[in-house]
**Q** 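Below you will find the structure I want to go over with you.
This is a predicted model, so every value here is computed, not measured. Residue numbers begin at 1 in each chain, while the letters A, B, ... track the order of the sequences.
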Protein chains: 2
Amino acid sequence: MASDVRDPFAAPGHDHAGCVMAALDAAEARCARAGQRLTPLRRRVLELVWRGHDPVGAYDILELMRDERGRIAPPTVYRALDFLCRQGLVHRLESLQAFIGCGQAGDHGTDHGTDHGIGHHAAHFLICQDCGEAVEIRDGQLDGAISQLAGRAGFAIANETIELSGRCAACQS
Amino acid sequence: MASDVRDPFAAPGHDHAGCVMAALDAAEARCARAGQRLTPLRRRVLELVWRGHDPVGAYDILELMRDERGRIAPPTVYRALDFLCRQGLVHRLESLQAFIGCGQAGDHGTDHGTDHGIGHHAAHFLICQDCGEAVEIRDGQLDGAISQLAGRAGFAIANETIELSGRCAACQS
DNA sequence: CTCATTATGATATAACATAACACTATGAAT
DNA sequence: ATTCATAGTGTTATGTTATATCATAATGAG
């Protein structure tokens with residue numbers, strides 16, 4: 001059923017404004033801690049990425065910003081997205097060529113095994129092809145399997161792209 | 001050391017012509033079994049994908065084919081690649097926007113848990129950022145972790161993108 | 001042989017991303 | 001406060017990857 005507490009997808013009528021606010025607050029805190037500047041432009045791009053729980057294309061953001069600020073070119077958006085990715089505030093979904101806000105930007109310090117450097121963690125996703133929503137998952141067993149197989153292969157992982165597409169619980173009815 | 005038998009990367013001086021022949025033979029067999037036509041064009045594209053163990057861009061293949069056949073347009077190459085992907089003979093690496101020959105196209109029938117439909121299996125990769133080589137891996141523990149986490153989330157996986165980038169054993173010296 | 005189906009050719013364009021250079025804002029050091 | 005190096009943004013142009021669409025050709029079933 002849809003109310004399964006283990007379903008990590010966002011509930012239909014959840015307080016999304018709260019999500020956005022939490023994300024922006026976490027971003028402010030994180031940048032402050034890292035001595036990085038969350039400029040109005042970057043902040044606004046982050047806010048637009050958090051428009052929903054669906055991944056957003058760079059050109060979608062470009063459109064949205066044109067509506068409110070007039071002329072703006074791709075590099076401006078890409079630079080902001082690059083910055084946000086570097087800070088670990090946004091992730092890029094390779095299989096969709098799109099971006100999504102990091103659902104764990106508030107979890108600073110509490111790194112887990114697969115973390116690579118300051119503020120960056122391996123991001124793994126479930127992506128629903130029906131409703132378009134993507135959620136970041138965190139699974140110890142998965143992390144363990146990955147680090148073990150890498151160890152056996154003598155392979156030093158620098159970056160993990162793990163994106164599982166399919167149908168979320170709510171969309172199977 | 002480089003001779004670790006668990007290192008899945010191709011040995012420096014291995015018989016690559018053999019790899020290519022095995023891949024083409026497996027492809028013929030597979031298409032015959034599936035009632036699909038491995039036309040000269042498709043066969044040639046597959047052969048070019050198997051040029052090495054590095055992922056190849058669609059436009060790289062386009063270049064190579066122009067050298068030998070003159071005028072040829074992107075859709076021709078993309079259609080062949082689509083076909084080969086549908087037959088499970090080639091995989092697309094999302095994080096590189098490139099293609100690579102399936103190292104397990106010969107394994108027909110012996111499907112493993114995460115298989116999705118005829119001839120398709122979940123393909124997981126190790127990608128060396130140093131030498132550029134990518135290898136398909138198969139790990140029961142990883143498959144298990146994935147299916148368990150999906151099960152807990154009530155998520156029905158249709159497609160898995162798992163690409164681990166880093167440095168292979170040989171490139172760490 | 002006919003015909004439906006599948007494959008390929010050809011043109012145009014869409015979608016995603018970055019290089020390069022100019023200009024502006026910011027903050028640290030004097 | 002002024003200077004200066006650095007970081008951020010604006011702007012133009014272009015590179016890279018992928019697809020829509022329609023025309024033509026090859027294939028195989030009946």
**Q** Please name all residues satisfying salt bridge (Lys or Arg N to Asp or Glu O under 4.0 Å) with B:Asp54, sequence neighbours left out, ordered by chain then number.
**A**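 Checked B:Asp54 against salt bridge (Lys or Arg N to Asp or Glu O under 4.0 Å); zero matches.
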**Q** CD of A:Gln36 versus P of C:dT26: gap in Å, rounded?
**A**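 Nearest whole value for this atom pair: 16 Å.
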**Q** Have a look at B:Val90 and tell me which of B:Ile100, B:Leu46, B:Val56 forms a side chain to side chain contact (heavy atoms under 4.5 Å, CB included) with it.
**A**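 When B:Ile100, B:Leu46, B:Val56 are each tested with B:Val90, the side chain to side chain contact (heavy atoms under 4.5 Å, CB included) holds only for B:Leu46.
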**Q** Report the residue (B:Leu41 or B:Arg71) whose heavy-atom-nearest nucleotide on DNA chain C is the more 5′ of the two.
**A**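 Of the two residues, B:Leu41 wins.
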**Q** Any side-chain N or O of B:Thr76 under 4.0 Å from OP1/OP2 of C:dG9?
**A**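 Indeed, a polar side-chain atom of B:Thr76 lies that close.
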**Q** One thing to verify: whether A:Arg152 and B:Asp139 come together as a salt bridge, which I'm taking to mean a side-chain N less than 4.0 angstrom from a carboxylate O.
**A**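 Yes, this pair counts.
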**Q** Rounded to the nearest angstrom, tell me the gap between atom CG in A:Leu62 and atom P in C:dA14.
**A**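 In whole Å, C:dA14 P lies 16 Å from A:Leu62 CG.
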**Q** To which residues is A:Met21 joined in a hydrophobic cluster, defined by side-chain heavy-atom contacts under 4.5 Å among Ile, Leu, Val, Met, Phe, Trp and Tyr, whether direct or through other members?
**A**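 Result for A:Met21 is none, singleton.
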**Q** Output one letter per nucleotide in nucleotides 13-30 of chain D: B when a protein non-hydrogen atom lies under 4.0 Å from the base, S when only the sugar-phosphate is that close, - when neither is.
**A** ----BBBBB-----S---
**Q** Rounded to whole Å, how long is the line connecting atom CG of A:Leu81 with atom C1' of D:dT9?
**A**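 Interatomic distance, CG of A:Leu81 to C1' of D:dT9: 15 Å.
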**Q** Hey, what's the ring geometry for B:Phe9 with A:Phe155, parallel, tilted or perpendicular (30° and 60° as the breaks)?
**A**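 It falls in the parallel class, under 30°.
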**Q** With a sphere of 6.0 Å drawn around CZ of A:Arg51, does it hold more than 12 non-hydrogen atoms of other residues, nucleotides or ligands?
**A**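 At most 12 heavy atoms, drawn from other residues, nucleotides or ligands, come within 6.0 Å of this atom.
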**Q** Would you kindly give the CZ-to-P distance between A:Phe83 and D:dG8, to the nearest whole Å?
**A**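 Rounding to the nearest Å, CZ of A:Phe83 and P of D:dG8 are 7 Å apart.
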**Q** May I have all residue pairs that pass salt bridge (Lys or Arg N to Asp or Glu O under 4.0 Å) and include part of residues 87-96 of chain A, sequence neighbours excluded?
**A**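 As it turns out, the salt bridge (Lys or Arg N to Asp or Glu O under 4.0 Å) pairs with a partner in residues 87-96 of chain A, which skip direct neighbours, are A:Arg92-A:Glu94.
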**Q** Could you check how far CZ of A:Arg42 sits from P of C:dA25, rounded to whole Å?
**A**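 Answer to the nearest Å: 16 Å.
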**Q** So, using salt bridge (Lys or Arg N to Asp or Glu O under 4.0 Å) as the criterion, who are the partners of B:Arg42 when residues are at least two apart?
**A**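 For B:Arg42 there are no salt bridge (Lys or Arg N to Asp or Glu O under 4.0 Å) partners, ignoring immediate neighbours.
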**Q** So, B:His91 versus B:His124, ring centres under 6.0 angstrom or not?
**A**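 For B:His91 and B:His124, the ring centres are not under 6.0 Å apart.
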**Q** Within the 4.0 Å heavy-atom criterion, would you say B:Ile72 contacts the bases, only the backbone, or no part of the nucleic acid?
**A**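 Since no nucleic acid heavy atom lies under 4.0 Å of B:Ile72, the category is nothing.
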**Q** Kindly calculate the angle separating the two end axes of the helix from C:dC1-D:dG30 to C:dT30-D:dA1, each obtained from five base pairs, and round it to 10 degrees.
**A**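 Between the first-five-pair axis and the last-five-pair axis there is 30°.
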